[in-house]
Amino acid sequence: MEILKRIVPVVLLAMHTGTMSGQIMPWENRTEADENPFAIAKGEKTGKLILENVVNGSLIQTRGSGAIQWMKDGNHYSRLEPSADGKGQDVVRYRASDNRREVIVSAERFVDPESGRRVPVREVAWSEDNGKVLVFTNTRKVWRYHTRGDYWVLDMKTGDFRRLGDGFPEASLMFAKFSPSGDRVAYVSGNNIYVEDVASGNVVQLTGDGNSEIVNGTFDWVYEEEFGIRDGFRWSPSGDYIAYWQSDTKGTGWFDIINNVDSIYPTFNHFPYPKAGSMNSAVKVGYVPASGGTTVWIDIPGDSRENYIPRMDFIPGEDVLFIQQMNRQQNQNKVWTARIGESKPENIFTDSDSAWVETNDNVMWLDGNMWFTWESERNGWRHLYRVSRDGKKVEAVTKGEFDYVSPVGADFKKGVAYFIASPDNYTQRYLYSASLFGNGEVRRLSPMEQSGQHRYNMSPNGRWAVHTFSNAGTPPLIDMVSFPRHRKVRDIETNSEAKGQYEALGLNPKEFVKVKSGELELDAWMIKPKDFDPSKKYPVIVEVYGEPASSTVQDVWGGGDLWNQYMSNLGYIVVSIDNRGANVPRGREWRKCIYGEVGTFASEDQARGITDLASRYPFIDSDRIGITGWSGGGSQTLNSMFRYPEVFSTGIAIAFVADQKTYDTIYQERYMNTPQLNPEGYRKGSPITYADGLEGNLLLIHGTGDDNVHYQNCEMLINELVRHGKVFSLMSYPMRTHSINERDGTTLHLRKTMAKYWLDNLPAGGR
């Protein structure tokens with residue numbers, strides 16, 4: 001799951017809507033505004049956060065650096081900025097060393113020659129020689145992202161500005177890319193690949209078999225969601241060929257989402273979605289001459305429905321493909337090279353693990369393409385390695401009992417790699433460097449006085465980076481830094497106004513603490529009410545994610561955590577705990593001990609962790625503990641409620657997987673293997689197995705238009721709860737997706753209903 005954990009609220013239809021006799025009211029000394037916790041007030045004069053202001057983002061307004069693109073020289077970057085007349089966007093270039101600003105393409109140049117109207121710009125891309133600009137506009141969302149729209153090309157010398165794909169339907173082009181020489185552009189439309197000559201407008205169709213089942217140059221739902229890829233073709237360095245993926249979805253299970261709200265008769269969204277243990281699409285890669293011709297398919301061994309090809313690209317400067325192939329269990333990643341002109345590939349390297357392996361997304365080629373970099377957990381920690389081109393030598397670039405979290409960039413002239421790690425505090429992130437051909441020693445570069453998380457957008461030559469620092473109580477501080485010394489050149493954005501807005505609210509800061517699950521120490525945080533009285537006992541709301549895809553305990557700016565602060569100030573202590581298996585840099589064993597049993601360790605650690613916290617902090621009321629989560633967090637909310645009813649008395653589960661067999665092949669089988677080979681693991685990890693254990697108050701929230709975690713999960717769980725005579729509450733959001741944020745009023749309604757459910761069923765305030 002890119003199952004993103006969301007601190008989103010939730011639902012309605014509470015079984016109990018009145019205040020029970022003897023309950024402590026969540027606010028004392030009420031003002032008129034306090035009578036209704038959802039009332040709109042002028043400012044925050046009552047000292048309480050107003051929900052409407054929390055939702056609309058008016059309380060704290062942070063500024064970023066914008067969507068910057070480093071120029072090819074590595075010493076300049078560009079970004080889109082509003083034009084002086086406010087009628088369009090200029091492309092503006094900045095010099096990293098001194099911030100010298102220059103408008104390099106004014107908005108006046110993006111004018112449709114036929115209508116005379118300016119073309120709105122969403123994204124731009126440059127040809128290799130910077131002589132042409134590709135403009136993406138009039139975009140449409142395909143599943144999660146805006147990947148379909150119209151493309152225009154601006155010739156910087158002649159000023160000619162024309163739309164590509166003349167004769168194609170409006171907003172039907174995807175992933176347009178210049179050829180290496182900049183004279184042609186390739187794109188996808190209707191699941192086929194085309195190449196258009198920029199000067200003449202002549203179009204060559206490279207594939208003709210694309211349709212609703214055969215997908216060329218892009219991907220089906222599951223590859224995009226779980227492998228993070230949507231753009232499915234690559235130009236060869238010579239510009240003579242295009243390599244691409246093809247997915248044959250025939251035989252894959254198709255899912256239907258019924259839309260009952262936009263017409264008087266239902267309509268259907270019908271799409272391929274392989275569920276755990278079922279048939280996958282058949283995926284293969286091949287190459288075709290860019291001038292047109294016959295595709296040569298790479299003859300990679302193995303059943304194309306029982307293996308994945310999650311990554312494929314050309315080796316820099318060579319017409320040689322570098323292909324990653326994973327087996328269905330995703331515990332083996334084979335690297336193949338295939339030379340244009342040949343169909344038979346060579347397996348040069350294989351990485352494997354008894355649990356699962358990851359794709360390598362940032363392979364760097366070294367020493368004239370004689371070595372490539374590879375991230376692996378082969379020694380118990382995630383580290384960076386250099387691998388000889390023949391795969392016979394594997395040498396560590398980084399060493400130590402810590403995890404290499406993610407790459408930042410490299411200075412190839414100096415032979416230095418930059419990366420993120422956090423050896424001493426798993427909630428934080430810092431920049432480190434290591435020699436690409438050294439002995440594995442690493443050096444921290446992020447400032448010692450800035451405790452929290454650091455992010456970097458590094459120039460291609462490794463000399464500069466836009467550096468962003470924040471922590472849970474500090475809005476982003478953005479500056480330009482130079483390397484190799486990590487010297488601050490200037491501020492880009494201090495967010496001093498946002499810092500003042502945050503401090504003016506007078507909120508209690510997020511406190512990072514440790515809790516125990518048996519002998520195991522876990523990271524956690526908690527937020528106390530603004531008027532917290534340590535002599536009283538308060539109810540707790542636990543925010544959980546718990547799946548291997550992410551974590552919740554991060555010392556990073558989260559907009560001030562205003563939703564959690566809002567709930568806290570109604571009279572709750574809000575807590576979050578990272579259980580075993582969460583994606584944190586604590587080593588392979590921490591992350592992969594949950595293999596084959598996703599769900600069981602998470603709920604156990606959540607129950608043990610909050611119980612331990614209550615035993616150490618007398619202000620926690622162990623009789624008033626609630627739990628909530630979104631997506632994977634919704635699943636763990638259900639597991640915790642059903643398996644540990646003596647701990648959790650109230651829960652709100654949002655967009656949850658009730659039965660792991662209903663989720664997709666790539667995500668679920670990565671961590672669980674197939675249901676056929678691990679039936680007991682699927683039974684133990686699925687909340688629906690324990691539905692008869694419900695004793696407390698439970699609210700289920702789901703969007704009926706969820707293409708990710710299907711509403712089917714909600715219906716299946718309801719059926720089981722009814723069978724066991726369990727009383728619960730339900731809020732369905734018609735035709736909302738997994739994010740449940742579409743259509744007017746949705747987000748505010750979510751927040752209101754979640755708050756109401758907590759107030760009605762988990763009495764707020766100190767006792």
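Along the sequence shown, residues are numbered consecutively beginning with 1.
Between Val198 and Asp183, every side-chain heavy-atom pair lies at or beyond the 4.5 Å cut-off. At a threshold of 4.5 Å between non-hydrogen side-chain atoms, the residues Val124 and Leu154 do not count as touching. The closest side-chain heavy-atom distance from Glu225 to His738 is not below 4.5 Å. Trp126 places a side-chain heavy atom less than 4.5 Å from the side chain of Val91. The shortest side-chain heavy-atom distance between Arg122 and Thr137 does not fall under the 4.5 Å cut-off. Pro460 is not listed as a side-chain neighbour of Lys72, based on a closest heavy-atom distance of 4.5 Å or more. Side-chain contact between Pro585 and Arg429 is present, with at least one heavy-atom pair separated by less than 4.5 Å. For the pair Arg230/Thr218, a side-chain contact is recorded, criterion being any heavy-atom separation below 4.5 Å from C-beta on.
Atom CG of Asp744 has 12 or fewer heavy atoms from other residues, nucleotides or ligands within 6.0 Å. In the displayed structure, Arg490 atom CZ is contacted under 6.0 Å by more than 12 heavy atoms of other residues, nucleotides or ligands. More than 12 heavy atoms of other shown residues, nucleotides or ligands fall within 6.0 angstrom of atom CZ in Arg93. More than 12 heavy atoms of other residues, nucleotides or ligands shown are found within 6.0 angstrom of CD on Glu742. Shown here is Asp98, whose CG atom has more than 12 heavy atoms of other residues, nucleotides or ligands within 6.0 Å.
Across His454 and Gln450, no two heavy atoms sit closer than the pair NE2-O, 2.9 Å. Taking each heavy atom of Asp707 and Ile257 in turn, the nearest pair found is CA-CD1, 3.7 Å. Taking all atoms of both residues into account, the shortest heavy-atom contact from Pro475 to Gly473 is CD-O, 3.9 Å. The minimum heavy-atom distance linking Thr474 with Ser470 is given by the pair O-CB, 3.3 Å. Of all non-hydrogen atoms in Ser127 and Gly182, the two that sit nearest each other are CB-CA, 4.2 Å. The nearest pair of heavy atoms linking Met364 to Ala410 is SD-CB, 3.7 Å.
Looking only at atom types and distance, the side chain of Ser115 has a donor-acceptor partner in the side chain of Asp112 under 3.5 Å away. Judged purely by distance below 3.5 Å, without hydrogens or angles, the side chains of Trp70 and Asn457 pair a donor atom with an acceptor atom. Using modelled atom types, one finds a donor on one side chain and an acceptor on the other under 3.5 Å when comparing Arg101 with Tyr94. Asp160 and Thr158 share no donor-acceptor pair across their side chains, judged by distance under 3.5 Å alone. In this model, a donor atom of one side chain and an acceptor atom of the other lie less than 3.5 Å apart for Arg140 and Asn138. For the 3.5 Å distance criterion, the side chains of Gln428 and Asp555 qualify, holding a donor opposite an acceptor.
Ring centers of Tyr223 and Trp245: at least 6.0 Å apart, outside the cut-off. When ring centroids are compared, Tyr194 and Phe168 come within the 6.0 Å threshold. The six-membered or imidazole ring of Phe161 lies near that of Trp152, with a centre-to-centre distance under 6.0 Å.
Here Lys132 contributes atom NZ and Asp155 contributes atom CG; the two are 5.5 Å apart, rounded to the nearest 0.5 Å. Atom CH2 of Trp557 sits about 10.0 Å away from atom NZ of Lys510, to the nearest 0.5 Å. Remark: Arg751 CZ to Leu51 CG distance equals 8.0 Å, nearest 0.5 Å. Going from atom CG of Leu49 over to atom CG of Asn569 covers 5.5 Å, rounded to the nearest 0.5 Å. Atom CD1 of residue Ile654 and atom CG of residue Asp706 lie 12.0 Å apart, to the nearest 0.5 angstrom. Once rounded to the nearest 0.5 Å, the distance linking CG of Leu477 with CD1 of Ile492 reads 11.5 Å.
Between Asp73 and Arg95 there is no salt bridge, since no side-chain N of the basic residue sits under 4.0 Å from a carboxylate O of the acidic one. A salt bridge links Glu196 with Arg162; the closest basic N to acidic carboxylate O contact falls under 4.0 Å.
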Between Gln61 and Glu497, does a side-chain contact (heavy atoms from CB on, under 4.5 Å) hold up when you go through it step by step?
CA-CA 8 Å; Gln61 300 174 46; Glu497 184 177 353; over 6 Å; no
Using side-chain contact (heavy atoms from CB on, under 4.5 Å), reason through Tyr430 and Ser451 one step at a time and then give a plain yes or no.
CA-CA 9 Å; Tyr430 299 98; Ser451 177; 3.7 Å; yes
Using side-chain contact (heavy atoms from CB on, under 4.5 Å), reason through Thr737 and Asn708 one step at a time and then give a plain yes or no.
CA-CA 8 Å; Thr737 66; Asn708 186 345; over 6 Å; no
Apply the test side-chain contact (heavy atoms from CB on, under 4.5 Å) to residues Leu507 and Ile527: give CA-CA distance (whole Å), side-chain angles for both, the deciding distance (0.1 Å), then the verdict.
CA-CA 9 Å; Leu507 305 171; Ile527 299 173; over 6 Å; no
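Considering Tyr418, Tyr456, Trp464 in turn, Tyr456 is the only one that fulfils the ring-ring contact (aromatic ring centres under 6.0 Å, His included) rule with His486.
Ring pair Phe419/Tyr404 is parallel by interplanar angle, where below 30° counts as parallel and above 60° as perpendicular.
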